[in-house]
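Here is the structure we will look at.
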Amino acid sequence: MCLGVPGEVVSIDGNTATVDFFGVRRQVRLDIVDEPVKPGDYVMNHVGFAIRRIAPEEIGETIALYELLLRTAAEEDLMAADVRGEIGATEGERSA
Amino acid sequence: MNVLRNRDELGAHLRFQEPGKAREMAATLAHVTRSIGREPVSVMHVCGSHEQAIARYGLRAVFPRELDVIMGPGCPVCVTDVPEVDEAVLLAAQGVRVFTYGDMLRVPGSVKSLADVKAEGGKVDVVYGIGQAVQLACETQEECVFFASGFETTAVATAAVILAGVPENFSVLSAHKYIPPVMEIVAEMPQTRIEGFLAAGHAAAITGSAIFERFAERYKLPVVVTGFEPLDILAGLIRLVELVRDGRAEVANMYPRCVTREGNRPAQEALWSVFRPIGGRWRGIAHVPNGNLRLRDRFAHVDARRRFTIDLHQLWDRAPANLTQHCICGDIMAGIAAPTGCSLYGNQCDPDHPVGACMVSSEGTCRIWHQYGGHLDLGYGS
């Protein structure tokens with residue numbers, strides 16, 4: 001519940017960002033992010049909200065580790081389930 | 001490559017790399033721990049996600065024998081007190097539609113869980129977050145209550161949604177908890193042997209690392225903020241054990257890519273404009289002054305406690321007599337006992353038949369230990 005999930009900002013519309021989570025695009029709210037974000041930045045997200053901007057050069061291999069966790073973890077893996085839950089807490093992409 | 005030459009820069013340069021690096025860091029951790037010259041050296045982390053990472057990657061198998069890394073009260077579902085579950089149960093029982101995080105569904109109240117009420121026809125729905133709860137509330141005229149659990153990291157989302165405005169039929173039953181005060185409780189426990197704390201990175205992303213400075217000074221205990229990747233945890237522990245060894249009650253931030261000293265100001269403003277801290281019980285642990293977050297008066301209209309009559313005695317007059325009397329979740333969360341020290345663990349209590357909250361939540365120590373065991377598994381990508 002406190003793990004959070006990182007994703008890459010694709011575009012921004014007002015208070016909402018479209019964020020790419022390992023190939024899946026979702027809507028994340030920007031109400032409480034710590035500083036302004038722009039496309040190409042990464043954000044750490046928790047229960048549907050971006051809580052921290054992470055500059056692309058700081059993301060390191062964090063994304064790779066999450067990706068691997070999601071790809072290789074068993075269905076019932078607790079940590080992977082929490083990450084999937086975090087992605088589930090974001091909204092699906094809005095239809096144009 | 002000697003990544004450990006400059007410890008102060010280690011956190012800034014951490015990158016997820018080959019398992020060999022983890023082994024190198026584990027050797028350093030062992031060396032630093034043994035240089036203290038006594039055992040055990042006991043440190044506590046306060047985050048279920050830390051325990052998940054430690055158990056999932058089998059890090060305890062590479063921790064030195066002299067180092068005890070104990071999970072404290074870091075599972076928000078586990079520390080939600082029985083009466084708080086009872087309040088949600090009673091709301092559902094009186095026909096209110098209750099939205100909850102999935103982890104909370106099967107946590108036993110004094111008589112029943114939300115899953116029990118749901119089985120009896122109560123309207124209880126699992127959601128991933130408060131945003132989804134608000135969406136569902138918009139689709140109905142029914143009274144809807146979001147049972148809001150979680151630490152400050154999650155409470156800021158609740159605050160932001162309330163500030164943005166919610167439908168008239170929507171209110172919040174806050175069981176949110178605030179971590180810094182419970183660290184003081186653990187530090188003050190007479191039987192405690194904790195010599196330092198690992199603070200959770202994403203909660204600290206909100207509060208900032210500075211929030212631990214007064215604590216470190218007052219309790220003469222070092223605090224190290226760290227992240228959730230295996231190398232983050234090893235680096236955090238190396239730093240923490242060094243501070244213990246050197247007798248330095250300081251705060252170190254080993255997770256600068258997510259945490260600053262000041263923290264996330266907009267999130268703090270949202271949090272404290274909606275919530276006020278009050279004292280209250282944490283399940284099985286203690287009364288924690290300022291440990292519970294409740295809605296401020298100006299948000300009374302979205303506070304389920306003020307919107308509905310919730311008569312807990314209606315439930316409590318029915319005597320609960322079950323295995324929970326033997327459950328030692330409280331001692332486990334206080335770091336006094338380990339899951340394997342509980343007579344119920346793996347016997348009468350398992351994830352299919354949980355007796356205590358620690359076996360229910362994905363962040364509960366018992367559940368995590370039950371799933372992952374304790375073997376080393378750093379085989380990511382190899």
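All figures in this text were calculated on a predicted structure; none of them were measured in a lab. Hydrogens, waters and symmetry mates are skipped; everything else that's a heavy atom, side chains included, is used. Proteins come first, then strands; the chains are lettered A, B, ... in the order of their sequence lines, and each starts at number 1.
Both the backbone and the side chain of B:Ala157 come within less than 4.5 Å of a heavy atom in chain A. Residue contact with chain A, scored on non-hydrogen atoms closer than 4.5 Å, is absent for B:Ala159. Using a 4.5 Å cut-off between heavy atoms, A:Met79 contacts chain B through both its backbone and its side chain. Contact annotation for A:Ala55: neither backbone nor side-chain heavy atoms come within less than 4.5 Å of a heavy atom of chain B. Contacts of B:Glu269 with chain A are absent, with no heavy-atom separation under 4.5 Å from either backbone or side chain. Of the atoms belonging to B:Leu163, not a single heavy atom falls under 4.5 Å from chain A.
Separating the OG1 atom in B:Thr158 from the CZ atom in A:Phe49 is a distance of 8.5 Å, to the nearest 0.5 Å. Interatomic distance, B:Asp103 CG to A:Asp82 CG, rounded to the nearest 0.5 Å: 6.5 Å. To the nearest 0.5 Å, atom CG of residue B:Asn264 and atom CD1 of residue A:Ile51 are 7.5 Å apart. B:Arg265 contributes atom CZ, which lies 15.5 Å from atom CD1 of A:Ile32 (distance to the nearest 0.5 angstrom).
Side-chain atoms of B:His202 and A:His46, non-hydrogen and from C-beta on, never get closer than 4.5 Å to each other. For the pair A:Ile54 and B:Cys258, the minimum side-chain heavy-atom distance is below 4.5 Å.
Atom OH of B:Tyr128 sits in a sparse spot, with 12 or fewer heavy atoms from other residues, nucleotides or ligands closer than 6.0 Å.
Interface summary for chain B: among A:Ala81, A:Gly85, A:Gly48, the most heavy-atom pairs under 4.5 angstrom belong to A:Gly85. Of the residues considered (A:Leu69, A:Asn15, A:Thr72), A:Leu69 shows the highest number of contacts with chain B, using heavy-atom pairs under 4.5 Å. In terms of heavy-atom pairs under 4.5 angstrom with chain A, the leader among B:Ala164, B:Gly102, B:Gly131, B:Ala267 is B:Ala267. Interface check for chain B: of the options A:Thr90, A:Leu78, A:Ile87, the most heavy-atom pairs under 4.5 Å are formed by A:Leu78.
Closest approach of A:Asp77 and B:Arg56 over heavy atoms only: OD2-NE, 3.0 Å. Of all heavy-atom pairs between B:Tyr101 and A:Val47, the closest is OH-CG1, 3.4 Å.
Scored by the side-chain contact (heavy atoms from CB on, under 4.5 Å) test, A:Ser11 finds A:Thr18 as partners (sequence neighbours excluded).
A donor-acceptor pair under 3.5 Å is absent between the side-chain atoms of A:Glu76 and the main chain of B:Gln371, judged by distance alone.
Applying the salt bridge (Lys or Arg N to Asp or Glu O under 4.0 Å) test to pairs two or more places apart or on separate chains, those with a residue in residues 29-39 of chain A are A:Arg29-A:Asp31, A:Asp34-A:Arg52, A:Glu35-A:Arg53, A:Lys38-A:Asp41.
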